[in-house]
Amino acid sequence: MPAGNRNFAPSMDSIQAFYPLLHQPSRMVITTHQKPDGDALGSSLGLYHFLVRLGHTVTVISPTNWPDFLNWLPGIETVINFESQREKSRQLIADAQYIFCLDFNILHRTKHLEPLLEAAPAKKILIDHHQEPQVAAFDWGISDTSKSSTCEMVYDFIVDSGHDGLLHPDMATCLYAGVMTDTGSFRFPATTASVHRMVARLKDTGIQHAPIHDAIFDNFLENRLRFIGFVLLNRMDVLYEFNTALMYITKADLQRFQIKTGDTEGLVNYLLSIQGIRFAALAIDRDEERKWSFRSKGDFDVNSFARMNFEGGGHKNAAGGRSSDSLEMTVNKFREILPSYLNQLQ
Ligand code: 5GP
Ligand code: MN
């Protein structure tokens, strides 16, 4: 972190301390991590609808594009993609009084937005559930790794600040979409009784959940299913001695099946469906880098694994990382370091 940057407070104040400021109409920006997923965009738009109702001037800026399967979210037409609208984004960020940072906790996860966020005079509010937040970058915030999703945290923010009565179907749809995707459809251990109580409250606004599942999971093109068949057959290695399954996808594979942002989401989870497999790793040869997705079951901590070996991080059972080596080199590196984790994997 740059020393002496005037925008970095020594530490972050509690989110409750921000509540009084909700009543003063302000210029606000909401942003999230690059290649936003359902939780990132669902929480951003859920919060957007809430803040608009309170009378603020609000814009959601995404650092990059997002998967097509999120293009139906209420309000998505207002979201600005920084990569295609740089000047407008720059202006909005420079003019904002407050910037909400959702579903990430280290500024570099916003990719090319990072220098703009660092330079912005706006105060920053963090709402996130990943480990090891860069607290000095934020003025107020809440960071809680026990939360199922950032959507759950935005819901808590709305209710705790005394605005339960403002919940409405658009808000509820966005929050439902994000909590549903981040909990693996209400399956992962972080799906607490509170999550189910929140879902009940969201449904009380009148939303139908089945069309949300359809829009996200049953709305792909044929080529994606053929691609999954191809990679399961040709690009998967099961390393039984390490209870690990590995998959790697080349640029040629992505081109052959015309794979777009979002088409590979969830792919890594197939590996964990093999009996006995506790660690799943997927490497994809993206444009400028090789992107890793890691998943685990039980005690194996993929957040530490990703941090230690592949410049990444995330949660204990779901993390990501990257490498600037070739696909072959990064996959070989993975195979070489695996034996040093033998004890933890058995
Ligand atoms: P995914 O594999 O779906 O891209 O990411 C899994 C989880 O790890 C998500 O919660 C995501 O936010 C986090 N994550 C993915 N890539 C990175 C990364 O490079 N750094 C950090 N700190 N977290 C990441
Ligand atoms: Mn999330």
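Atom set for the values below is all heavy atoms of this structure, side chains included, hydrogens, waters and symmetry mates excluded. Ligands are counted one by one from 1 in listed order, and the atoms in each one are counted from 1 as well.
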Heavy-atom neighbours of Glu328 CD exceed 12 at 6.0 Å: no
Glu132 to ligand 1, any heavy atom closer than 4.0 Å: no
Heavy-atom neighbours of Arg86 CZ exceed 12 at 6.0 Å: yes
Winner among Gly321, Ala306, Ala319 once heavy atoms are compared against atom 8 (O) of ligand 1: Ala319
Subset of ligand 1 atoms that lie under 4.0 Å from at least one heavy atom of Gly314: 8 (O), 13 (C), 22 (N), 23 (N)
His315 N/O to ligand 1 N/O under 3.5 Å: yes
Winner among Glu311, Lys291, Gln131, Gln134 once heavy atoms are compared against atom 16 (N) of ligand 1: Lys291
Residue Glu222 excluded, over 12 heavy atoms near CD under 6.0 Å: no
Greater than 12 external heavy atoms within 6.0 Å of Gln16's CD: yes
Heavy atoms of other groups near Lys316 NZ, more than 12 under 6.0 Å: yes
Distance filter under 4.0 Å to Ser293 heavy atoms, resulting ligand 1 atoms: 1 (P), 2 (O), 4 (O)
Atom 24 (C) of ligand 1 - nearest protein heavy atom and its distance: Gly313 O, 3.2 Å
Atom 10 (O) of ligand 1 [closest protein heavy-atom partner, distance rounded to 0.1 Å]: His130 NE2, 2.9 Å
Salt-bridge present (Arg90, Glu87; N to O < 4.0 Å): yes
Within 6.0 angstrom of Lys88 NZ, more than 12 heavy atoms from elsewhere: no
Charged tip of Lys147 within 45° of Tyr155 ring normal and under 6.0 Å: no
Numbered atoms and elements of ligand 1 in range of Ala318, under 4.0 angstrom, heavy atoms: 7 (C), 8 (O)
Best match, Arg295, Glu265, Arg307, His33: closest heavy atom to atom 1 (P) of ligand 1: Arg295
Distance criterion under 2.8 Å: protein N/O/S atoms around the Mn ion (ligand 2): 4
Tyr19 atom OH, neighbour heavy-atom count above 12 within 6.0 Å: yes
Electrostatic pair Asp253:Arg235 at N-O distance under 4.0 angstrom: yes
Gln97 (side chain) donor-acceptor with Arg27 (main chain) under 3.5 angstrom: yes
Nearest protein heavy atom with distance in Å, relative to atom 19 (O) of ligand 1: Gly312 CA, 3.8 Å
